[in-house]
Amino acid sequence: MNNQTDFTKTLSIIVPCYNEEESIPLFYAETIKQEQYFHEKGVEFEFIFVDDGSRDKTVEVIKNLREKDERVHLVSFSRNFGKESAIYAGFEKATGDFAVLMDADLQDPPAMLPEMYSYIESGHDFVGTRRVDRKGEPPIRSWFARRFYGLMRGISKTDIVDGARDFRMMTKRVRDAILSMKEYNRFSKGIFGWVGFDIKWLEYENIERVAGETKWSFWKLFLYSLEGIMAFSTVPLMLSIVFGMVFCLLALALLIFVIVRTAAFGDPFAGVPLVICAISLVGGIQLICIGILGMYLSKTYLEVKQRPIYLVKEEF
Ligand code: UDP
Ligand code: MG
């Protein structure tokens, strides 16, 4: 290793790991290959591995790495808290001027690090990556993923980009911004969009993981997408207002129809249509009231998250 004093900046490489004993050594070996480029620029690496309650030898593997390399750091969770929590812990632990978030399975190619850094150098605060295809993924999963992003575009004001990976490099101020969002139910794809900043997107083709298997079942992804919808949209809470209005309008239309018909032809059903109108009308009014509750609840929901009111990019 070069003389440490030569380095003026640090890049924190944050790696959430859940049962990744096989991938970590491969990941480390590949990533360290990029070191030369960064050393020439006066940037030193810092590895932050976050063990998300792994049940295999992940922690031991990381400890072995630490014996060889002092720049390796570990945060080990008491149980599996999920990737979102691991990301947050990694951001808290990182001390670098820049940080990059990477998966342990080499699906985020370390070979892209120099290019990502070049954009940071040229003044971008945030460099994101997008997969341009979903090769190697079951078609049904891709289909649902597309629908999800389409829906999110419609119901959320936050920019959530289709195919965007968590593989992102950022300056310290973006990292601080993300840390300032302390909500418990975290949906990083939304949080990254919410904080804003000048983002540069790089595209690459999907790569399959080197070892181990994906931690995401279809069901887990489905629940995660619901999480995303609830964290970044309050539209579902307002849905009952829409239904309620539709019901009321239908009930009124029906009422007019029944009155006109009764006046013209008498009432062969002895009041039954009127009862149906009354039930629909009352049902609609109830739905509207629930919707009003939903609107207040959605405001309360946004308040309890205590998100920052604004984030500053620059100031004099
Ligand atoms: N991961 C984690 N906690 C979890 C699930 C996953 O820290 O509960 C980590 C995992 O070790 C990997 C990254 O998150 O480094 C991405 O997971 P995976 O490769 O399984 O997801 P995919 O690439 O299939 O979306
Ligand atoms: Mg993966």
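Nothing fancy with the numbering, it's 1 onward along the sequence. Atoms within a ligand are numbered from 1 in the order they appear, just like the ligands themselves.
- Nearest protein heavy-atom contact of atom 12 (C) of ligand 1 is Glu20 OE2, 3.3 Å.
- Residue contacts with ligand 1, taken as heavy atom pairs separated by less than 4.0 Å, involve Lys83 via backbone and side-chain atoms alike.
- Residues Phe148 and Leu221 form no side-chain contact, since every pair of their non-hydrogen atoms from C-beta on lies 4.5 Å or further apart.
- Here the protein heavy atom with the shortest distance to atom 3 (N) of ligand 1 is Asp52 OD2, 2.6 Å.
- Residues Thr95 and Glu46 meet the side-chain proximity criterion, which asks for heavy atoms closer than 4.5 Å.
- With ligand atoms numbered from 1 in the order given, ligand 1 contributes 19 (O), 22 (P), 23 (O) to contacts under 4.0 Å with heavy atoms of Gln107.
- Shown are the protein N/O/S atoms under 2.8 Å from the Mg ion (ligand 2), given by residue and atom: Asp105 OD2, Gln107 OE1.
- Around atom OH of Tyr149, more than 12 heavy atoms belonging to other residues, nucleotides or ligands sit under 6.0 Å away.
- By the 30° and 60° cut-offs, the orientation of the rings of Phe47 relative to Tyr28 is tilted.
- With respect to atom 17 (O) of ligand 1, the closest heavy atom belonging to the protein is Trp216 NE1, 4.0 Å.
- For atom 7 (O) of ligand 1, the closest non-hydrogen atom on the protein side is Pro16 CB, 3.4 Å.
- Between Val72 and Ile62 the shortest side-chain heavy-atom distance falls below 4.5 Å.
- Between Leu113 and Phe38 there is a side-chain heavy-atom pair separated by less than 4.5 Å.
- Of the protein's heavy atoms, Asp103 OD2, 3.2 Å lies nearest to atom 16 (C) of ligand 1.
- Contacts between Cys17 and ligand 1, counted as non-hydrogen atom pairs separated by less than 4.0 Å, involve the backbone only.
- Using modelled atom types, one finds no donor on one side chain facing an acceptor on the other under 3.5 Å when comparing Glu203 with Thr129.
- The residue Asn19 has no part lying near ligand 1, judged by heavy-atom distances below 4.0 Å.
- Under the 30°/60° scheme for interplanar angles, the aromatic rings of Phe167 and Tyr204 are found to stand perpendicular.
- For ligand 1, the polar-atom distance check against Gly82 finds no nitrogen or oxygen pair separated by under 3.5 Å.
- Note on ring orientation: taking the six-membered ring where Trp is involved, the planes of Phe187 and Phe232 are tilted (angle from 30° to 60°).
- The nearest protein atom to atom 20 (O) of ligand 1, hydrogens excluded, is given as Lys215 N, 2.7 Å; this is a heavy-atom distance.
- For ligand 1 and Asp105, the ligand atoms under 4.0 Å from any heavy atom of the residue are 19 (O), 23 (O).
- Scored by the side chain to side chain contact (heavy atoms under 4.5 Å, CB included) test, Ile290 finds Ser240 as partners (sequence neighbours excluded).
- Ranking protein heavy atoms by distance to atom 24 (O) of ligand 1, first place goes to Thr214 OG1, 2.6 Å.
- Between the side chains of Ser188 and Glu84, at least one donor N or O sits under 3.5 Å from an acceptor N or O.
- Taking the charged nitrogens against the carboxylate oxygens, Glu121 and Lys41 do have a contact shorter than 4.0 Å, which makes a salt bridge.
- Counting only heavy atoms of the protein, atom 1 (N) of ligand 1 lies nearest to Tyr18 CB, 3.7 Å.
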